[in-house]
Amino acid sequence: MTNPLFYAKIILFGEYGMIEDSQGLVVPYSFYKGTLKFSESESEFEKKSNGHLQKYSDYLADLNLSDDFKLDVIKFKQDIANGLFFDSNIPQGYGVGSSGALVAAIFEKYSLKKHDPENISKDILKNLKTVFGEMESYFHGKSSGMDPLICYMNLPILIENKENLDKVSIPDGEEGKGAIFLIDSGITGETGPMIQIFFEKMKTEGFRKTMKEEFIRYNNACIDSFLKKDMNPFFRNLKKLSHWAYEHFRPMIPESIFNIWKKGLDSNAYYLKLCGSGGGGYILGFTKDYEKAEKMLDGFHKEVIYRF
């Protein structure tokens, strides 16, 4: 029996804001995926992945998870000894959930009590997020659990606040001129140091105030209008959000992206925002006219993820 595939995820809105109780909108991205497999060729990649799983299994053995979410770590360790590895094309350090997919795959295969993602209640969803946060903290120092949850559910999730989240349907994509797309910054980012910078910034009252009064307001307004497919207020708030990030998230924006970020704001041809914690990896782009934006962003590798 083949193991299920777990897709990457993209935080459309809410990066950093979710730490401070803003809303978040996170969607699966099926272009990248991973699955647990047994090694056949013993390639360098497979051996390396197997070694990582070995270390991770020691961490999981020490985790004290509640009975509803306990893992069969003994079976996991046996499988690792027999050549288990994570076969994935999800790029690491790109903000699309490489560790989230791994955590989801392990939970799905080794949780003693099985859960059906199709019929999960809001309460279990909340508890799962906590469990996934504990499991993923091994990779980032501190995790909200959101990435693995999206990868596990394979559904868009709306985070209403720190306490509440729910499955949500996003408007069907259609072949229009507009697009949401990814831009490759050309370098990988590390989540830990970026989150550290954010927490340092949060120590200053001025930053806390603008985060609460501006970032969260624009972010939540973008989510609200996007889900309603109300594109005029969506782009109005998106510009404010992009401008705010350009001013206040400067250390998280890769240098290769500075000029094109400003070019988008000045021309109104497209707007950029962070995809995950920033520092490298992908940047998210939004435009009403993808052809025009594509010409202006010549030289950058781009991937369209949604059309409207």
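Keep in mind that what you see is a predicted model, and the values were worked out from it rather than measured.
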Under 4.5 Å between any side-chain heavy atoms of [X] and [Y], yes or no?
X      : Y      : value
Phe139 : Thr191 : no
Asp184 : Tyr94  : yes
Leu182 : Tyr29  : yes
Tyr306 : Ile10  : no

Run Glu15 and Ser277 through side chain to side chain donor-acceptor pair (under 3.5 Å) and show every step you take. CA-CA 6 Å; Glu15 77 293 341; Ser277 57; over 6 Å; no
With no hydrogens and no angle check, just 3.5 Å: does a side-chain donor-acceptor pair link [X] and [Y]?
X      : Y      : result
Gln92  : Thr188 : no
Lys122 : Asn164 : no
Asp116 : Asn119 : yes

Considering residues, nucleotides and ligands other than [X], do more than 12 of their heavy atoms fall under 6.0 Å from its [atom1]?
X      : atom1 : answer
Lys48  : NZ    : no
Lys262 : NZ    : no
Ile74  : CD1   : no
Glu247 : CD    : yes
Glu190 : CD    : no
Glu160 : CD    : yes
His248 : NE2   : yes
Asn82  : CG    : yes

Before you tell me yes or no, could you show the steps for Phe85 and Phe38 under ring pair (Phe, Tyr, Trp, His ring centres under 6.0 Å), namely the whole-Å CA-CA distance, both residues' side-chain angles and the distance that decides it to 0.1 Å? CA-CA 6 Å; Phe85 74 105; Phe38 286 98; 8.9 Å; no
Over 60° means perpendicular and under 30° means parallel, so classify the ring planes of [Y] and [X], tilted if in between.
X      : Y      : result
Phe6   : Tyr152 : parallel
Phe107 : Phe132 : perpendicular
Tyr56  : Phe76  : perpendicular
Phe13  : Phe234 : perpendicular

Only one of Glu136, Lys129, Glu134 forms a side-chain hydrogen bond (donor to acceptor under 3.5 Å, both in side chains) with Ser143, so which one is it? Glu136
Checking Tyr271, Trp261, Tyr218, Tyr270 against Ser242 for side-chain hydrogen bond (donor to acceptor under 3.5 Å, both in side chains), the one that qualifies is Trp261
[atom1]-[atom2] distance between [X] and [Y], expressed to the nearest 0.5 angstrom:
X      : Y      : atom1 : atom2 : result
Lys109 : Leu36  : NZ    : CG    : 7.0 Å
Leu284 : Leu238 : CG    : CG    : 9.5 Å
Leu272 : Lys263 : CG    : NZ    : 11.0 Å

Are the side chain of [X] and the backbone of [Y] linked by a donor-acceptor contact shorter than 3.5 Å?
X      : Y      : result
Thr287 : Gly178 : no
Thr210 : Phe207 : no
Asn219 : Gln23  : yes

Between [X] and [Y], is there a side-chain N and carboxylate O pair less than 4.0 Å apart?
X      : Y      : result
Glu108 : Lys114 : no
Glu200 : Lys203 : yes
Asp58  : Lys77  : yes

The test is side chain to side chain donor-acceptor pair (under 3.5 Å); show your working for Lys33 and Asn89 and say whether it passes. CA-CA 6 Å; Lys33 46 196 158 299; Asn89 70 347; 5.5 Å; no
Indicate the atoms forming the closest heavy-atom contact of Met153 with Ile157, along with that distance. CG-CD1, 4.3 Å
Establish, yes or no, whether the cationic atom of Arg307 lies under 6.0 Å from the six-membered ring centre of Phe181 and within 45° of the ring axis. no
Taking the six-membered ring of Phe235 as reference, does the cationic atom of Lys288 (NZ for Lys, CZ for Arg) lie under 6.0 Å from its centre and within 45° of its axis? yes
